[in-house]
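Encoded as structure tokens, the structure appears first; notes follow it.
Chain letters run A, B, ... following the sequence lines, proteins first and then strands; every chain starts at 1. We use all heavy atoms of the structure for the numbers below, so side chains are in, but hydrogens, waters and symmetry mates are not. These numbers come from a predicted model, not from an experiment.
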2 protein chains.
Amino acid sequence: MEAEADVDVCDKWSETLRVYHTTSCELENELQSRHGLGLSEFEVLLILGRATGECGVKARMKDIEAETHLSQSALSRTVTRLEKAGLVARAACEFDRRANFLALTPAGRERFEQAAPTHRSVLLKHLG
Amino acid sequence: MEAEADVDVCDKWSETLRVYHTTSCELENELQSRHGLGLSEFEVLLILGRATGECGVKARMKDIEAETHLSQSALSRTVTRLEKAGLVARAACEFDRRANFLALTPAGRERFEQAAPTHRSVLLKHLG
DNA sequence: TGACATCAAATGCACGCGCATGTAAGTTCG
DNA sequence: CGAACTTACATGCGCGTGCATTTGATGTCA
């Protein structure tokens, strides 16, 4: 029984690893070559793109961090890259000057909408 | 239909990411703190430990590479680390001097057998 | 045999990550 | 008020990774 459960759980883990690696590698390659976006960069755009009907609305760094599996420092640098690329803007929060609000720029929304179909099709290919 | 499939596939991916990240983070932490092994190091030990009844038997780098999701260079360095730790030994192949045979040392087998229950219990906790 | 393609493995390099720490802004409580 | 604590974010640092290249050994074919 135990031995069987072990085998099951090991196989399950192998399968999870296989799906994760093949899918995220292809996502990374496709997003990078077609849209110049890394995977974690796209994921930030995805969160911002979903959270906001239009461009102006914002999310705090902490809130975004909670929606990804990135560390706080990794998110900070990812946002820095997006900001340098002009896809995202940081804006200080009036009520808590520690916090940063984040918003898609028009260019960011455009890039996101270009990249989203690529993202979707890779997911469908591997998980559909 | 399409919209639904998209949502399904996105949720499925989120869930895969969640399982992958939580499990591999805890695996990494537990293996590192309890046994001084990184995740990819343990995975190499696992392959060697499974492939061989006793210590002497070997596997080629290329064959191991095919069983992991590591790149060739990452595997090469992982094996270098294991070798420096005395857990694994490289041995030239007589018939093809390009190839390296790899074998667990006795210390490597011991470490693997100590670490395997940790690995198993983390997997059971998250996937069982 | 000699020129050329192929293969196994190692290595230089740039990059993104997490951890630990720093900085500045908010909070708590005497 | 003010000292101690906590929170939000940025940054220094070391590490493991993948990509591209190198080194050296094997095939192949004329």
Side-chain angles (χ1 to χ4, degrees), chain A residues 17 20-33 36-45 47 58-85 88-103, chain B residues 17 20-33 36-45 47 58-85 88-103:
Chain A
L17 287 176
Y20 171 78
H21 278 112
T22 56
T23 308
S24 64
C25 279
E26 186 166 337
L27 270 179
E28 178 80 48
N29 292 338
E30 293 292 290
L31 289 171
Q32 190 60 253
S33 61
L37 291 171
L39 188 43
S40 57
E41 282 150 35
F42 178 81
E43 280 171 2
V44 171
L45 293 188
I47 291 170
K58 307 122 189 172
R60 294 209 321 277
M61 295 282 280
K62 272 289 157 186
D63 299 334
I64 296 174
E65 188 187 335
E67 293 192 55
T68 66
H69 298 96
L70 291 171
S71 67
Q72 183 266 321
S73 67
L75 175 62
S76 176
R77 288 184 236 258
T78 301
V79 169
T80 299
R81 290 193 297 274
L82 287 169
E83 195 179 28
K84 280 181 183 164
V88 138
R90 291 188 224 240
C93 167
E94 310 250 321
F95 306 110
D96 184 347
R97 266 173 294 190
R98 295 169 304 180
N100 271 150
F101 274 141
L102 222 61
Chain B
L17 287 176
Y20 171 78
H21 276 112
T22 56
T23 307
S24 64
C25 280
E26 186 165 338
L27 270 180
E28 178 81 49
N29 292 336
E30 295 290 290
L31 289 172
Q32 190 59 253
S33 61
L37 291 170
L39 187 44
S40 60
E41 282 149 37
F42 178 81
E43 278 171 3
V44 171
L45 294 188
I47 291 170
K58 306 123 188 172
R60 292 208 323 275
M61 296 282 279
K62 273 287 158 189
D63 299 334
I64 296 175
E65 189 187 334
E67 293 192 56
T68 65
H69 298 97
L70 291 171
S71 68
Q72 183 265 321
S73 66
L75 175 63
S76 176
R77 288 184 236 256
T78 299
V79 168
T80 299
R81 290 194 297 274
L82 287 169
E83 196 178 28
K84 280 182 183 165
V88 138
R90 291 189 224 239
C93 168
E94 311 250 321
F95 305 110
D96 185 346
R97 266 172 293 190
R98 292 169 304 180
N100 271 149
F101 274 142
L102 221 61

Open item on the list: So, taking the atom named CG in Leu31(B) and the one named OG in Ser24(B), what distance separates them when rounded to the nearest 0.5 Å?
Closed with: 11.0 Å
Task: Reported CD1-to-CG distance for the pair Ile47(B) and Leu102(B), which is rounded to 0.5 angstrom - done: 10.0 Å
Rounding to an integer number of Å, can you tell me how far [X] [atom1] sits from [N] [atom2]?
X         : N       : atom1 : atom2 : result
Met61(B)  : dT11(C) : CE    : C1'   : 13 Å
Phe101(B) : dA8(C)  : CZ    : C1'   : 12 Å
Glu41(A)  : dC15(C) : CD    : C1'   : 11 Å
Phe95(A)  : dG26(C) : CZ    : P     : 12 Å
Ile64(B)  : dA8(C)  : CD1   : P     : 14 Å
Asn100(A) : dA25(C) : CG    : C1'   : 12 Å
Arg60(A)  : dG26(C) : CZ    : P     : 13 Å

Open item on the list: Given 3.5 Å as the limit, does a donor-acceptor pair link the side chain of Ser76(A) with the main chain of Gln72(A), or not?
Closed with: no
Open item on the list: Could you check whether any side-chain N or O of Thr23(B) sits under 3.5 Å from a backbone N or O of Tyr20(B), counting only pairs where one atom can act as donor and the other as acceptor?
Closed with: no
Task: Ser71(A), nearest nucleotide to its side chain (from dG26(C), dA9(C), dG18(C)) - done: dG18(C)
TODO: Evaluate the criterion side chain to side chain contact (heavy atoms under 4.5 Å, CB included) for residue pair Glu43(A) and His69(A); output intermediate values, then yes/no.
DONE: CA-CA 10 Å; Glu43(A) 280 171 2; His69(A) 298 96; over 6 Å; no
Open item on the list: Quick check on DNA chain D: between Asn29(A) and Asp96(A), whose nearest nucleotide comes earlier from the 5' end?
Closed with: Asp96(A)
Open item on the list: Please tell me whether Arg77(A) and Thr80(A) have a donor and an acceptor in their side chains that are separated by less than 3.5 angstrom.
Closed with: no
Task: Proximity to DNA chain D (any heavy atom under 4.0 Å), residues of residues 74-85 of chain A only - done: Ser76(A), Arg77(A)
- [ ] Please confirm whether any donor atom in the side chain of Gln72(B) sits under 3.5 Å from an acceptor in the base of dA8(C), or the reverse.
- [x] no
TODO: Determine whether any donor atom in the side chain of Ser73(A) lies under 3.5 Å from an acceptor atom in the base of dC17(C), or the reverse, and answer yes or no.
DONE: no
TODO: Can you see which heavy atom on Glu65(A) is nearest to which on Leu70(A), and at what distance?
DONE: CG-O, 3.9 Å
Task: Non-hydrogen atoms of Thr78(B) and Ser40(B) that approach each other most closely - done: OG1-OG, 3.7 Å
TODO: For the pair Leu45(B) and Val88(B), evaluate side chain to side chain contact (heavy atoms under 4.5 Å, CB included) and give the outcome as yes or no after the intermediate values.
DONE: CA-CA 8 Å; Leu45(B) 294 188; Val88(B) 138; 4.1 Å; yes
Task: Nucleotides bounding contact with chain A, strand DNA chain D, heavy-atom threshold 4.0 Å - done: dT7(D) to dC13(D)
